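Chain letters run A, B, ... following the sequence lines, proteins first and then strands; every chain starts at 1. Bear in mind the structure is a predicted one, so any value in this text is a computation, not a measurement. These values consider heavy atoms only, across backbone and side chains, with no hydrogens, waters or symmetry-generated copies.
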Amino acid sequence: MNTNYLNELNERQREAVSHINGPLMIVAGAGSGKTKVLTTRIAHLMRNGVDAFNILALTFTNKAAREMKERIERILGGHEARNLYIGTFHSVFARILRSEAHKVGYPNDFTIYDADDAKSVVKTVINELNLDDKHYKPNLVYNRISAAKNSLMSPSEYQHDYYIQQEDMRANRPMIGKIYDLYAKRCYKNGAMDFDDLLYVFYHLLKNVPEVLSKYQHKFRYIMIDEYQDTNPAQYEIIKLLGAVHENIAVVGDDAQSIYSFRGATIQNILQFEKDYDGVKVVKLEQNYRCTKSILDVANQVIKNNKGQIEKELWTDNDEGEKIRLVRTTTDNEEGKFVADTIAEQKLRNHYENRDFVILYRTNAQSRSFEESLRRMNIPYRIFGGLSFYQRKEIKDFVAYLRVIINTRDEEALKRIINYPARGIGKTTLDKVTLIANEQDITFWQVLTSAASFGFKSGTLEAIDGFVTMIQSFQSQLAKSNAYDVAVQVGKSTNIVKELFNDKTTEGLARYENVQELLNSIKEFTETPTEDGELLEKSLGSYLQQITLLTDADQGTDENSDVVKLMTIHAAKGLEFPVVFSVGLEETLFPNNMAINSREELEEERRLFYVAITRAKSKLWVTYANSRYRFGNLVQNEPSRFIDEIPEKHVDRSYAGGGVRNMGSSSPSWGGIGSAARGGNNMFDTMKKKTPGSPTPSSSSTARPMPKPAAASSNHTPSANFTPDDPNTMEVGMQVEHQKFGFGTITQLEGAANNRIATVNFPKGGGDKKIMLNYAKLMIINK
DNA sequence: CGGGCTCGACTTTTT
DNA sequence: GTCGAGCCCG
C-alpha cells in the first residue's frame, strides 16, 4: 500500500482526510480535489482499522462511483477495496431492496420502471380515470408525483396538503392527488418501483422494519456522501436514519454548484448540515487546482451575485492564463460555425486534440448547429445526453420479454410485447383484458393465464395461449440455464432477431446490431465473475435492474476516443476540459425563460453558469447569437445578463463583431486545412460508442436519420442548388422556388419579422398558397 | 393490422 | 424544425 498518501495533500485536504469519527462537512470548491479527498479518506479509514464492509459511499452517478472505486484501488490494491459499498443512491438502495423488499410487500425481483415506463403508467391511470390527457399531461403529472415522493409525501398526504391542493386547484388540475394514489397502487400491483420509489420505499423499509434499520445502521458505520448539495429530502432522511447510531457522516459538497433543485434537490441540506448534527467538523477546500487565475476570478465574480452562500474564497496557484473570449455571432448557425472553426484553428495552432474540447449548452436542442458545423469540418464529436442504449425502442421491446419472464406482474412490459411481433392480439383484446383485470382486481397476466374462462373468441384464445405458453417455457428454461441462453431463445422463438435481420434498411440494420449488442452484453454479464461473490448478482433479474440504472453518460466513458464532446452544462458537472465553449449566453435561453420567475430560480441558473465556467482548465470561450431558431421560429435575443457579470478586465472581445464576418462563408484557410488533414474518415469515431462492459450501439445519438423520401404529394423536384433565403429579404413580386410546390410568385406578405406569412402563386403547384416563412423555406429565383 | 399522414409539444433531468 | 403519438383508411 502506498503509505505516502497523506503527503500528497494540502493542509486543508489532510485535515479532512484525517478526521475519522463524528460528522464532517467538506465544502469543496470547484476543482479543489474533492474526489481525491474522498477516496484518500476512505483509504485512510481502512488504514486505521475500519473494515471495508463498514464503509458506505454514495454518489449521484455511476461514473463518479466507478471513478472512486478505481482511485481507491490504486491506493489500496483491488482486493482490499472490493468489500466497500460504493455506488449511486439508487443502485445501492436497489441492491439492498433486492434482498429486503418482501418485508414491505414488494417482490424481491421487483422491476424498476424508468421514466418512460413511469409516464406510461401515469398515462394509463389518467385515461382510466376518464381524464383528458391533453389537460392532465402525463409529463407534468409525473413530475408532481416525483416531487411528492422526493419529499416523502404519500398519496394521502398529498391529497390532504392544503398548499398542494391550492396549487393544483389553481392550475385546474385537482385530480393529480387521485392520479398519484392510483399510480402508486398500480406500480405496487405490478411489482414495480420507479426511480423515486428506490428512495421512497427504501426509506419506509428503514422506518418501518426496525431489524432492517438496525442491520444497516451497524453495517454502515462510516457513511460518505458526494455532491451533498444535490440531495433531496428523501435522501436526507435516509442518511439521517442510517447514520443515527454512529453519526460518522461525511458530506462533501459545494453550494455554488447546486443545480438540481428542479429535481427535488434542496440546497438547504448543505446549508443546514452544521445545525443538524452536534460538533460538526467543517473543512473548506478553497485551493483550486484546475483553472487559470482569470477563469477562476471570472467564476468567483459571477457567483458573488448570488445571496446566501457558504462563505468561501477560491484561489489558485496556477498561471494567470488568457482572457475569456466573448464572441457574438449573428445567428445560431454562425455560432456553430464559429466554434467548429475555432476548434480547428486551436488544434493546429496549439496542438490540441479533439478530446480537449467541450461545447456546453443550456438545452439539448442547441446541439444541432454545432453538429452540423463539426460534421462539415470533419471533426469527430460525440453528443452526451441522448437516448441511452437501453431506451431505444428495439432494446426496450426485447428487454420487455426478459422483464415479463422475471416478473409477470410487470404490466408495462407485458403490454409492450403481447403483440410484438404481431400475433393477433389487438387493441380490442387488450382493452378487454384490462377491463377484466380491473374488475376482478387481478393482474393482467392472471387474466391471460385463465383466458378460457373469460369468453374470448377461439382465435384470440389460441393466440393468448400461445403467448402464455411461450413465456412459461422461457421461465422454465431459466430455471435450468443462464440468462444469456434464455435471451438467445427469446430472440429465436419470437422471430425478433430474424425479422430485424431481414430488414435491410439502414435503420433496420442498426436495430439488428443493437439487439446483437444487447445479447453480447447479457453474455458478458453472465460470464464475468462476480466481484463480491453474491449469487443473486448474476441472475437475469439483477441484470435487468442494473441496466435500468445505467444512463447514456455511463456508456460514453471511453476516455480513449478522441472526439469533441457536446453536452448540457448539467451533464458536465464533475468534469474538466482544457478548452470550454460555453454557448448560447442569451436572455430567455440562459438564463432560461422558465427559470427567471423567482430569485431562487435565477440563482440556480447563475450557478449553472458558474459550473460551466469552472469546467475550463485553460481556455474559455463564451458565445451568444443575435438571433436563433427556437421551435421553428426565428427569435431575437438580448445578450445574457450573466455576460455583464464577467469582469471587463478578463474579457477579450476582439473576436466579436468583426469576428463574425471572418467566420462567414469565406472561412479562414486554416479551417479547411484542419478539416481535410485531420478529420479524414475519423467520422466513424463518432458513430461508435465503445465502453468495456457495456454494449456498443452502432447508431449512436450522433447518427442522423436518413433523409426522408419526398412526400407522395410532391410533384416538384427541388433544384440541386436549393438553398432557402432569409424570410426577411422576401418582397412582393419576387419569383421564388418552394421545395414541394415548385416555382411561384409572391403576391402578398403579412406578419412581423418572425411570423412572416407569404402568399405565393404556384402555377404548377396548385395556385395560391400561404407559406409560413419560418417553416417552409423559399429560395429567391428572381427579384 | 399497419402505413401514412396530421397534429401538437417542445428546460434542465445524476437515477 | 423535429419527433412522436394517435388517428384514419385501405
Side-chain angles (χ1 to χ4, degrees), chain A residues 58-65 87-94 112-116 118 120 123 133-134 137-140 142-143 146 150 193-199 226-227 229-232 234-235 257 259-265 332 360-369 384-385 387-388 390 393 419-429 545-554 567-575 584 588-596 601 604-605 607-608 611 628-634 704-705 708-709 711-713 724 772 774-777:
Chain A
L58 295 173
T59 65
F60 277 86
T61 62
N62 294 301
K63 194 176 174 213
T88 65
F89 282 89
H90 295 263
S91 71
V92 166
F93 299 165
I112 298 174
Y113 280 168
D114 66 19
D116 287 336
S120 159
K123 194 170 178 191
D133 60 19
K134 295 264 153 50
K137 294 177 194 157
N139 223 329
L140 183 145
Y142 174 68
N143 283 339
S146 173
N150 287 153
M193 294 189 208
D194 64 20
F195 286 146
D196 303 318
D197 283 328
L198 293 176
L199 308 181
D226 194 13
E227 308 278 16
Q229 76 279 356
D230 288 332
T231 51
N232 62 37
Q235 288 159 331
Q257 294 183 65
I259 53 174
Y260 280 99
S261 75
F262 70 94
R263 288 284 291 124
D332 47 354
L360 299 179
Y361 35 74
R362 176 68 242 265
T363 67
N364 280 125
Q366 284 166 259
S367 67
R368 217 200 74 237
S369 64
F384 289 75
L387 269 193
S388 141
Y390 298 100
K393 189 184 171 295
N419 202 34
Y420 170 78
R423 51 173 72 85
I425 308 179
K427 191 175 183 305
T428 324
T429 311
Q545 294 203 347
Q546 187 201 288
I547 62 172
T548 322
L549 296 173
L550 286 178
T551 59
D552 184 44
D554 296 319
M567 62 184 87
T568 63
I569 303 169
H570 281 92
K573 202 174 68 165
L575 306 178
T588 76
L589 188 63
F590 190 18
N592 195 274
N593 236 355
M594 304 304 229
I596 49 173
E601 285 179 341
E604 179 146 319
E605 293 287 301
R607 289 194 293 270
L608 210 41
V611 169
R628 69 172 61 238
Y629 278 94
R630 275 235 270 173
F631 307 140
N633 285 331
L634 189 71
R704 292 187 89 73
K708 281 183 196 150
S713 58
M772 281 287 288
N774 284 328
Y775 295 95
K777 300 286 195 293

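- Within 4.0 Å (heavy atoms only), A:A595 reaches at least one base atom of the nucleic acid.
- In this structure, A:Q366 places its CD atom 15 Å from C1' of C:dG1, rounding to the nearest Å.
- The side chain of A:K123 lies closest to C:dG6, out of C:dG6, B:dC1, B:dT11.
- Checked against the 6.0 Å centroid criterion, the rings of A:H570 and A:F384 do not qualify as a close aromatic pair.
- Nucleic acid contact class of A:G424 (heavy atoms, under 4.0 Å, all strands): sugar-phosphate only.
- A distance cut-off of 5.5 Å between ring centres, combined with a plane angle under 30°, leaves A:Y260 outside any stacking arrangement with the base of B:dT13.
- Atom pair A:D133:CG and B:dG8:C1' shows a separation of 12 Å (rounding to whole Å applied).
- Spacing between atom CD of A:Q235 and atom P of B:dT14 amounts to 14 Å, rounded to whole angstrom units.
- At whole-Å resolution of the value, CZ in A:R362 and C1' in B:dT12 are 4 Å apart.
- A straight line from NE2 of A:H90 to C1' of B:dT14 spans 8 Å, rounded to a whole angstrom.
- Contact annotation: the side chain of A:D196 approaches that of A:Y142 to within less than 4.5 Å [non-hydrogen atoms, C-beta and beyond].
- Using a 4.0 Å heavy-atom cutoff across all strands shown, A:N593 reaches no nucleic acid atom at all.
- For B:dT12, the glycosidic angle deviates from 0 by more than 90°, giving an anti base.
- Comparing C:dG6, B:dT12, B:dT11 by their nearest atom to the side chain of A:M594 picks out B:dT11.
- Considering only side-chain atoms of A:K137, the nucleotide from C:dA5, B:dC1, B:dC10 that sits closest is B:dC10.
- Judged as a ring pair (Phe, Tyr, Trp, His ring centres under 6.0 Å), and not counting sequence neighbours, A:Y420 has no contacts.
- At whole-Å resolution of the value, CG in A:N139 and C1' in C:dA5 are 13 Å apart.
- With hydrogens and angles ignored, the 3.5 Å screen pairs no side-chain donor or acceptor of A:D133 with any backbone N or O of A:K137.
- Taking side-chain N and O atoms only, A:T363 has no distance below 4.0 Å to OP1 or OP2 of B:dC10.
- Between the CD1 atom of A:I425 and the P atom of B:dC1 there is a distance of 9 Å, rounded to whole Å.
- Side-chain nitrogen and oxygen atoms of A:N419 include at least one within less than 4.0 Å of the OP1 or OP2 phosphate oxygen of B:dC1.
- Whole-Å rounding puts the A:N143 CG to B:dC10 P distance at 11 Å.
- Partners of A:F60 by ring pair (Phe, Tyr, Trp, His ring centres under 6.0 Å), not counting sequence neighbours, listed by chain and number: A:F89.
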